[in-house]
Structures are given as structure tokens and as C-alpha cells.
Amino acid sequence: CVCWGAGAWGLYAVRPNSKWNGKAITERGPKGRALLWAFTTAVVLLCVLPMSLAPAWNGEKPEHRDQYEVMAESILQGRIDMAYDDTDPRLLAMENPYDPAARKALGVSFHWDHAFYNGHYYMYFGVVPVFLLFLPFRLLTGMALTTYHATQVFTALFIVGLFRLFRFLAERFFPSLPWAVYLSLSAGFSIMSTWVIVGMPALYCTAISAGICLEVWSLFFFAQAVWGGKGPGQSVGYGALGGLLGALAFGCRPPVALANLLAVPLLLYWLRGKKRCLATAGQVALVILPYVVVGAALMAYNYARFENPFEFGQSYQLTISDQSQYGSPLSRLDPVQLAKGLYHNFLWAAPLKDTFPYIWYSSVLVNFPICVLGYLMVLRRGVWRGLVETRLTGFMAVLLLVPPLITVAQVLMSPHLLERYRSDFYWLVGLFCFIAFGLFCHSLDGPAKKLWASLLSALGIVTTYQAFFLWCIPHDQNFTCYSPDALERISKAICFGLC
């Protein structure tokens, strides 16, 4: 009842004649600022608190999901491998330890989903989160940071960053955007981007949440540098900070870090009209320098582990498939597999189920139909004219291409595309749609604007509920998989609310 009551109140609050549909985002005032912080905090809590529910992901049953904690302890011991002392001699004696069938036949014991090379275990997940959170927490408190708590921190910062990025873009490019649209879409796209992370928060999604957190703030600082009207010194400072955060994302999850391509049109925009001189070259070099330094450090780290600066450990996983036989990613460049991957991530529809919540993980455009409207919106004359006038065409073109490029990277790096992989780019799709919706609203006036603002705000609310139903799917030891009784209670509560 509370769930449906909140939704009904939300739909009432964004009705066409609502004051929040008549007030532009630039008309903040004290009440607007208080509402924004309260609303952002509510969305953060809605996403962060449920992460503690599933024992397989909250540290009660860590199994292999405590790798970041172990890695932090290993680094404190001066090691770059995992501090294990239980390596099975039979694993060491195997000709090919990466063959899952051979491991099973021999009854070999091993640490699941680790990289194994030259008799040592390594973590193939990006090491940057260890230095950002796990090591500082360990040094300050003397205790290990439970992995899902790190995911909570990264997720909270990501949501705050997305809200802040959306507000900056709205104030800069479509200042007449109504408050209701901004708040509803910010909440909807934040939850759309993180619902998988909420359900399975440890290890895999720690890497993803860290990557998208760093990338959204990187993009925010790049946007401030280019569009924020800053002086030359501030602009370069913001650009260098954006470059540092974007570079660090490569050490969290490389596919997510492909979002750094968005810096290219921003750099070209910034260079427009500037003199070609040593001073300008030096400013650009300061922005690029973090990529060089962080990239060199990551390559040295990879070489020290695997004798290959470009190997993160993907080829040496002890998991469900033998990836040591895959060869280099470019050698697996199969157009048919790439087409299947793109179809799976963007167009595929899973069949309905017989039990609650009756759906299964589908592609982005099927999971969240609001994104279909967002992509179609750029075809409208008013939106296209707005893109040209604001000179956002290059940025939006790259933004359109990055999610498919991330999909290509996923296909080349992994034998299977999982639902959590879409979290690499859900937020980018949301960003594209937000800009399209913002420019569309900005092109309208009068009753038509209020009507569309109400509709878009309602779609943001619907998106939140769609994410909730996807979160309810019992899968991979998440909360509803662990507790079928809780899923049954949710089903009855929803049916009762509908009746």
C-alpha cells in the first residue's frame, strides 16, 4: 500500500497543473534547494539500504566475493598476488588449469573466479577501488571494509553525480526545464542505472559502481571546464580533474572507461577559437597527463603479474570457461557474434514467466521503454534544432555510439553477456535521453509544455517501478532468490495494492 501510495502521490505531484511543472529548474530558491537535497538523499537511501539484504552479497557468506578485502591485506604485506596459502598441488600440476572440465574430473580445489598464473592467485578485477576505499579504511580503522559497503559508497556518489550533471546540463542548455521533469528523470535514470548493483552489490558490481561513479564525475568536471564559463586556470584544473577520474575508471572496469570518448567532442568544443600556441598545447597536455600516468601504472601492474602490460587477468580466470584459449580480443572479432551481442543488449525481449514478477532480464530498450522515446525524440525538428543551436550534435553523436562500443568490448572480453554488464552503459543511455527530453521541453510553451512535462515526469516514475520489478527477479543468490517467502509477500502486497 505504501509503495502504490507513493506512486499515486508522485503521479498527482506531476499533474499538468502542478506548480513543479510550471516552475523552471533555474527558479530554485531555498525551498527548491531543500527539495533537491531531500529528494537526492531519498533516492540514495532507496538504492543503498537494500544492499544489505542478501547474505551471499553482504559479507555473511563471502566465498569469493571478498577479493577486494583480501587484495587490500595483500598489498599491506607488500604482495600483488592474493595472500592465499592453500593452493592445491593438483592445480599446480595440471597442464591446463583453466579447463573447467579437467578441474572437475580431477576434483581440484581452487578459488573460484580468480586469475591463476605461474602458481599464484591474482584478482582480475580492477585494483583502483582498493586504493580509493579499501586501503584507506583499513589504515584508518584497522578493520577490513566489507565489500558491499564500498559498493554503497560508490553508488551513492554516482547518484549524487548524476543528479548534479543533469542539473548542470539543464541550467546550461535547457533552463526552462520544469522541476518535475528534472527530479523525476534524475531519479528514474539513477535507479535504472543501479538496480542490478543494488541486488548483487559485492565484487562484480563493486567494479561497475566504482567505474560509473568515476566516469559520471569525470564527465561533470569536463563539462564544467568546457561549458561552465570558468577562467583559463579553473578550466584547466577542472579538465585535469576530469582526466584523472576518467583515467582511474580504467583501473575499475575497462569497458565502462570507454565513456572517456565523450571527452573528445568536449575537447574539440573547448579548442574552438583558441590560438594554436604552446600555452594551449600545455593546457591540453595537463588534461591528458593523468591518462598517461595512470595508464603507465596499470600497464606496469599488469606486466608484474602476467608479463603482459595489456593483460588484466581475463585470460587466466578459473571460472566456467577456458578463456586462455581465446587469444587476443582482436582475434575474436567476429561480425556475427558482435551483431548478436548488440541485439542482445539493445533489442532482445525475454519471454514472460509464469510466476511473479512475470518478467525476465531483457535488453535495455525492452526493460525500459522510456529509452525508446528518448532515442526517437532526437528526430523531432525542435530537438534537432536545439542540438544545432547548442552545438551538442558532436557530443550526442559520440554519446549515441559509446554504449554499442561498450557492448563490442564486452563481447570481445567475455563469453557471455550478463544483465549486470548493461550497468556499464545504462547511465549513458539515460544521459542521452535526458538531454533529448530537456531540449524537447525547452522547445515547447504553454499547455503543450505542461502536458508533455507531466507525461515525461510520469514516465520517470514508471521507470522506477520497472527497475523495482526487475530487482524482484530471483537470480544469482540475490535477496528474492535467497528468500522466496519475501518474494511471495511482495507479490501479495502488490496484488493487494492493485485490487
Side-chain angles (χ1 to χ4, degrees), residues 1-12 42-58 60-61 65 148 151-152 155 184 187-202 204-205 208-209 344-373 416-423 426 429-430 458-499:
C1 291
V2 173
C3 178
W4 289 113
W9 178 87
L11 293 174
Y12 176 77
V43 174
V44 167
L45 293 176
L46 183 65
C47 293
V48 163
L49 295 180
M51 292 186 187
S52 64
L53 294 176
W57 301 96
N58 66 6
E60 291 182 33
K61 300 178 180 179
R65 302 179 186 89
Y148 91 96
T151 307
Q152 288 179 314
T155 300
S184 179
F189 289 141
S190 293
I191 295 169
M192 180 184 83
S193 303
T194 58
W195 67 268
V196 178
I197 297 170
V198 175
M200 295 164 272
Y204 307 101
C205 289
I208 295 172
S209 63
H344 182 82
N345 269 354
F346 294 98
L347 297 174
W348 178 69
L352 296 176
K353 300 293 181 179
D354 296 330
T355 57
F356 180 84
Y358 307 111
I359 56 174
W360 193 252
Y361 308 133
S362 295
S363 63
V364 171
L365 300 181
V366 176
N367 282 343
F368 299 102
I370 189 176
C371 300
V372 178
L373 181 61
H416 308 287
L417 291 183
L418 305 177
E419 175 58 35
R420 64 172 176 262
Y421 293 176
R422 297 188 187 112
S423 297
Y426 266 132
V429 175
L459 287 175
I461 296 171
V462 170
T463 298
T464 299
Y465 278 83
Q466 289 171 316
F468 171 71
F469 285 119
L470 289 166
W471 176 85
C472 286
I473 295 173
H475 181 64
D476 202 5
Q477 302 184 65
N478 64 358
F479 173 62
T480 55
C481 184
Y482 171 77
S483 180
D485 292 341
L487 182 62
E488 181 66 21
R489 290 195 296 271
I490 292 172
S491 174
K492 289 180 179 179
I494 289 175
C495 292
F496 176 76
L498 286 174
C499 295

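All values reported here derive from a predicted model rather than from experimental measurement.
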**Prompt:** Atom OH of Y204 and atom OG of S423: how far apart are they, to the nearest 0.5 Å?
**Reply:** 14.5 Å
**Request:** Taking atom NZ of K61 as the centre, report whether more than 12 heavy atoms of other residues, nucleotides or ligands fall under 6.0 Å from it.
**Result:** no
**For P484 against C481, the heavy-atom pair lying closest together** = CD-O, 3.9 Å
**Fill in**
Which of M51, Q152, R65 passes side-chain contact (heavy atoms from CB on, under 4.5 Å) with P201? It is M51
**Asked** Okay, side chain of N345, backbone of R422: is any donor-acceptor separation there less than 3.5 Å?
**Response** no
**Message:** Quick test of your reading: applying salt bridge (charged side-chain N to carboxylate O under 4.0 Å, His left out), list the pairs with at least one residue in residues 463-480, sequence neighbours left out, ordered by first then second residue.
**Reply:** R420-D476
**Request:** Give a yes or no on whether the backbone of V198 and the side-chain of W57 come within a donor-acceptor separation of less than 3.5 Å.
**Result:** no
**Item:** Aromatic ring pairing F356/Y358, orientation class (parallel under 30°, perpendicular over 60°, tilted between)
**Value:** perpendicular
**Prompt:** For the residue pair N478 and A54, what are the closest heavy atoms and their distance?
**Reply:** C-CB, 3.9 Å
**Message:** If you define the side chain from C-beta out and look only at heavy atoms, does anything of F479 sit under 4.5 Å from W471?
**Reply:** yes
**Prompt:** Just by modelled atom types, is the A349 backbone N or O under 3.5 Å from a matching donor or acceptor in the S362 side chain?
**Reply:** no
**Asked** Which heavy atom in G188 sits nearest to a heavy atom in T464, and how many Å separate them?
**Response** CA-OG1, 3.7 Å
**Asked** For the atom pair CG (L365) and CG (L347), what is the distance rounded to the nearest 0.5 Å?
**Response** 6.0 Å
**Asked** Just by distance, do the side chain of T155 and the backbone of T151 share a donor-acceptor pair under 3.5 Å?
**Response** yes
**Message:** Check whether T463 reaches the backbone of L459 with its side chain - one donor and one acceptor, N or O, closer than 3.5 Å.
**Reply:** yes
**Message:** Please find the pair of heavy atoms, one from H344 and one from L417, that lie closest to each other, and give the distance.
**Reply:** NE2-O, 3.6 Å
**Message:** Any non-hydrogen side-chain atom of I197 less than 4.5 Å from a side-chain atom of I208?
**Reply:** yes
**Item:** Closest non-hydrogen atom pair between N58 and S52, with its separation
**Value:** ND2-O, 2.7 Å
**Fill in**
With N367 as partner, the option from Y361, Y426, W360, W195 fulfilling side-chain hydrogen bond (donor to acceptor under 3.5 Å, both in side chains) is Y426
**Asked** Do I494 and F469 touch side chain to side chain, with heavy atoms closer than 4.5 Å?
**Response** yes
**Item:** Minimal non-hydrogen separation, L46 against I191, with atom names
**Value:** CD2-CD1, 3.8 Å
